Trainee: 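I'd like to ask some things about the structure below.
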2 protein chains.
Amino acid sequence: MNRRLSDTAPNLPTLADVARAAGVSTATVSRCLNSPAQVQTTTRDRVLSAVASLGYSPNFGARALAARRTGTIGAIIPTMENAIFARAIQAFQEELHLSGQTLLVASSSYSPEIEAEQIRTLVARGADALLLIGHDRDPGIYAFLEQRGVPVLIAWAFDPAQARPSIGFDNRRAMACLADEVLRVGHRDIGMISAMAEGNDRARDRIAGVRDALRDRGLDPSALRLHQTPYSIANGAAAMACLMALPTPPTAVICGNDVLAVGALQMARQLGLDVPRHVSITGFDDIELATVVDPALTTVHVPHRDMGRAAAQLLVQMVGGGVAPAPVCLETEICFRGTLAAPRT
Amino acid sequence: MNRRLSDTAPNLPTLADVARAAGVSTATVSRCLNSPAQVQTTTRDRVLSAVASLGYSPNFGARALAARRTGTIGAIIPTMENAIFARAIQAFQEELHLSGQTLLVASSSYSPEIEAEQIRTLVARGADALLLIGHDRDPGIYAFLEQRGVPVLIAWAFDPAQARPSIGFDNRRAMACLADEVLRVGHRDIGMISAMAEGNDRARDRIAGVRDALRDRGLDPSALRLHQTPYSIANGAAAMACLMALPTPPTAVICGNDVLAVGALQMARQLGLDVPRHVSITGFDDIELATVVDPALTTVHVPHRDMGRAAAQLLVQMVGGGVAPAPVCLETEICFRGTLAAPRT
DNA sequence: CGAAAATATGTAAGCGCTTACATTTCTCTC
DNA sequence: GAGAGAAATGTAAGCGCTTACATATTTTCG
């Protein structure tokens, strides 16, 4: 047939070419490449030099078809522009590389519909396994993944109630700890700026964490002045302006993440409010931004890199062994910096 | 043979199953999926409903093998943790998605050896085309890519002297413009904190740009106090400390990127120097960090998102058409903010 | 109305690799 | 040094899809 070999496509050497050049069968060449130990040293040298001299490199499609795996792992994150995901994905990719796996990435822009589509795309593109953020998801998607036999690991969430393998931290408890610190120094009027909670279990858990802390101190959780807004500095600032315009503005504003907190901080300055003297602000994540602003942000440190690295290891193990690992819970830590202080009396 | 079908692997429906269910040939099913216009509406509906009811999804390896393309485009960037790359890659991925392509990413950690390895990996993983940063690279790599027939687009660089397709901006000229502004307000003692120039043509071009500006004003380009350091806030700070410890410290410090500049800014504050009264500092890139610090950084805005988006379009076009597009040069713009002022007299 | 042209569908040959199984070639051991 | 067992290599059957080409069906129009 030889279709399309006539045009620009270069005619690359195949396994058979290497086999011919080395005077062995294709099976031996394949073994040299995939399990060298099975092949005698002298044969192996002969084959490898044929590989080198022909400039051979295996055809991906053929290999994937025959071996029924691609050595590719997919990850879908809301957006790379959020430093927490960029950082984790970077570590994830590096670790994957150590295991000889390649990373296929897609982003959902925080939209469940786009995410569902991307999941299908990555599976169709041959991802051997998938990394997803948070448990919240249409059950049909999990059914689809199960049908295709694609292992999934959930990151950024730890919830032993969910049977699915996951790696993350307890958003709720971490936020409850931080909120408790805010209460401990004396704040009673608490505002909260959160990311949109719909379809985002992390955001919901953090809100629940603040309410837990309130409740534990015998305060009314429903008194929390909650403002939800999409992720951005500008939105954080706008939300802060709303909160501060209230008849009795909160003396402390707990933010669902550092980006919103930085926005809040900027707005506070713009409104002529001194942080933390007039109002305390806290973040969550501990990204670079948190240390660069003045005063530096009191926040919760999340081990994003560790999470990315560990996620890669778990996923590689899941692809290989097929066993579902138990949920992993990482520790978070409060970073006390300059934006939390006792309220003015 | 049926190997490995006995174990855990689910037995997924194939094209043939769909064909059987719909009462057509596999060719017709394939056409329904790839060029629906060729198939009669009634047949198509029948096939598509069979696809849906069986939960069929094409096998990636088989498709790649038969079609000789994967619909996957690879990108290798130094690191995702650098916001400029994260931002561009995000836009790149979104645009790729619109064209039905998938993104394979790898990172080089700024190491030419790792990059070379990653290039081979991505090609072996079936990338139809590659996005790389900067022209600087072993010629053997370009030869390899040419042999394999993998189109490459270079981003972050614009140099008409290079024959290769590229999209970027003129690092040298942009930096020269900024440096000229620094000179224009009266600075004569200029320090520069640059990223490591070796194997990084962007960094080299920016240094050259500063020297150009000096020369154009009749000053001695070799008088530039240049400090090279790896990319990080802490390194920027350390470099700033060195510069300020000089017998006659520079009155303006031009930084190769915003991250180094933010480090310099922090160190200035730590040293009790007021910016811009005691010393001016400039950045390059215009990332979020630049607007969050106080005073906000005077820097060069680089249209990272546009670059990412356009890169995706070019690459898709290269894979499809096979024609090498002419180098594209994007415009940069100086953002005057708070860190540049005339030197004290 | 019939032949030519256009359209729709079927047939089947690979794409390049992996791997189960068969065969050959060593390496021991007694 | 013969036979058993281990090790190395070869044989060949797919993996599931795309697409050139063949065939069947419909449309067009002189």
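Please read these numbers as outputs of a predicted model, since none were measured by experiment. Numbered from 1 within each chain, the chains take letters A, B, ... in sequence-line order.
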Trainee: Find which nucleotide of DNA chain C each of B:Leu65 and B:Ala27 is nearest to by heavy atoms, and output the residue with the more 5' nucleotide.
Mentor: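 Nearer the 5' end of the strand: B:Ala27.
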Trainee: Any N or O donor-acceptor pair under 3.5 Å from the base of D:dG14 to the side chain of A:Arg68?
Mentor: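 Answer no: no donor N or O sits under 3.5 Å from an acceptor.
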Trainee: A:Asp17 has an atom CG; how far is it from atom P of C:dC15, in whole Å?
Mentor: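 Distance check: A:Asp17 CG to C:dC15 P gives 11 Å.
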Trainee: Toward the 5' end of DNA chain C, which comes first, A:Leu33 or A:Gln40, by nearest nucleotide?
Mentor: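 Taking each residue's closest nucleotide, the earlier one in sequence belongs to A:Leu33.
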Trainee: May I have the distance from A:Gln38 (atom CD) to D:dA6 (atom C1'), rounded to whole angstrom?
Mentor: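 Atom-to-atom, A:Gln38 to D:dA6, this comes out as 13 Å.
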Trainee: Counting side-chain heavy atoms from CB outward, which of C:dC17, D:dT18, D:dG16 is closest to A:Ala66?
Mentor: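 Given the options C:dC17, D:dT18, D:dG16, the side chain of A:Ala66 is closest to C:dC17.
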Trainee: May I have the distance from A:Arg20 (atom CZ) to C:dC17 (atom P), rounded to whole angstrom?
Mentor: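 It is 12 Å, rounded to the nearest whole Å.
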Trainee: Tell me which pairs pass side-chain hydrogen bond (donor to acceptor under 3.5 Å, both in side chains) where either residue lies in residues 18-28 of chain B, with sequence neighbours left out.
Mentor: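 Passing the test, one end in residues 18-28 of chain B: B:Asp17-B:Arg20, B:Ser25-B:Thr28.
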Trainee: How close or far is atom P of C:dA8 from atom CZ of B:Arg44, stated in whole angstroms?
Mentor: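 In whole Å, C:dA8 P and B:Arg44 CZ are 10 Å from each other.
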Trainee: OP1, OP2 of D:dT18 versus side-chain N and O of B:Ser30: anything below 4.0 Å?
Mentor: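 So the side-chain polar atoms of B:Ser30 do come within 4.0 Å of the phosphate oxygens OP1 or OP2 of D:dT18, strictly under.
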Trainee: Report the C-alpha distance between A:Gln313 and A:Gln317 in whole Å, list the side-chain angles of each, state the deciding distance to 0.1 Å, and finish with yes or no for side-chain hydrogen bond (donor to acceptor under 3.5 Å, both in side chains).
Mentor: CA-CA 6 Å; A:Gln313 291 165 351; A:Gln317 173 189 325; over 6 Å; no
Trainee: Choosing from C:dC17, D:dC17, D:dA12, which nucleotide comes nearest the side chain of B:Leu15?
Mentor: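 For the B:Leu15 side chain, the nearest candidate turns out to be D:dC17.
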Trainee: side-chain contact (heavy atoms from CB on, under 4.5 Å) between B:Arg44 and B:Arg31: does it pass, once the steps are laid out?
Mentor: CA-CA 9 Å; B:Arg44 192 161 61 215; B:Arg31 277 189 284 257; over 6 Å; no
Trainee: Output the single nucleotide from C:dA12, D:dT18, D:dA8 whose closest atom is nearest the side chain of A:Thr43.
Mentor: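 Of the options given, the side chain of A:Thr43 lies nearest D:dA8.
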Trainee: Can you check side-chain contact (heavy atoms from CB on, under 4.5 Å) on A:Leu12 and A:Tyr56, steps first, answer last?
Mentor: CA-CA 7 Å; A:Leu12 299 171; A:Tyr56 169 79; over 6 Å; no
Trainee: To the side chain of B:Arg63, which of D:dT9, C:dT9, D:dC17 is closest?
Mentor: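 Nearest listed nucleotide: D:dC17.
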Trainee: Within the structure, does a side-chain N or O atom of B:Asn34 lie under 4.0 Å from either OP1 or OP2 of D:dT18?
Mentor: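 Yes, B:Asn34 has a side-chain N/O under 4.0 Å of OP1/OP2 on D:dT18.
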Trainee: Tell me which nucleotide among D:dC17, C:dT19, C:dC17 gets nearest to the side chain of A:Asn59.
Mentor: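 Between D:dC17, C:dT19, C:dC17, the one nearest the side chain of A:Asn59 would be C:dC17.
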Trainee: From CZ of A:Arg31 over to C1' of D:dA8, roughly how many Å is that when rounded to an integer?
Mentor: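 Rounded to whole Å, this separation is 8 Å.
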Trainee: Report which part of the nucleic acid B:Phe60 touches: base, sugar-phosphate, or nothing (heavy-atom distance under 4.0 Å, all strands).
Mentor: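 Here B:Phe60 touches no strand at all.
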Trainee: C:dT9 phosphate, OP1 or OP2: any side-chain N/O from B:Thr28 under 4.0 angstrom?
Mentor: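 So the side chain of B:Thr28 is outside the cut-off, no N or O lying under 4.0 Å from OP1 or OP2 of C:dT9.
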Trainee: Report yes if the distance between the aromatic ring centroids of B:Trp156 and B:His135 is under 6.0 Å, otherwise no.
Mentor: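 That pair fails the under 6.0 Å test.
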Trainee: Round to the nearest Å and state the distance from B:Arg69 atom CZ to C:dC15 atom C1'.
Mentor: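 Checked: the CZ to C1' distance equals 13 Å.
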Trainee: Please classify the nucleic acid contact of A:Thr14 as base, sugar-phosphate, or nothing, using heavy-atom distances under 4.0 Å.
Mentor: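 The answer is sugar-phosphate, as A:Thr14 gets under 4.0 Å only of primed atoms, P, OP1 or OP2.
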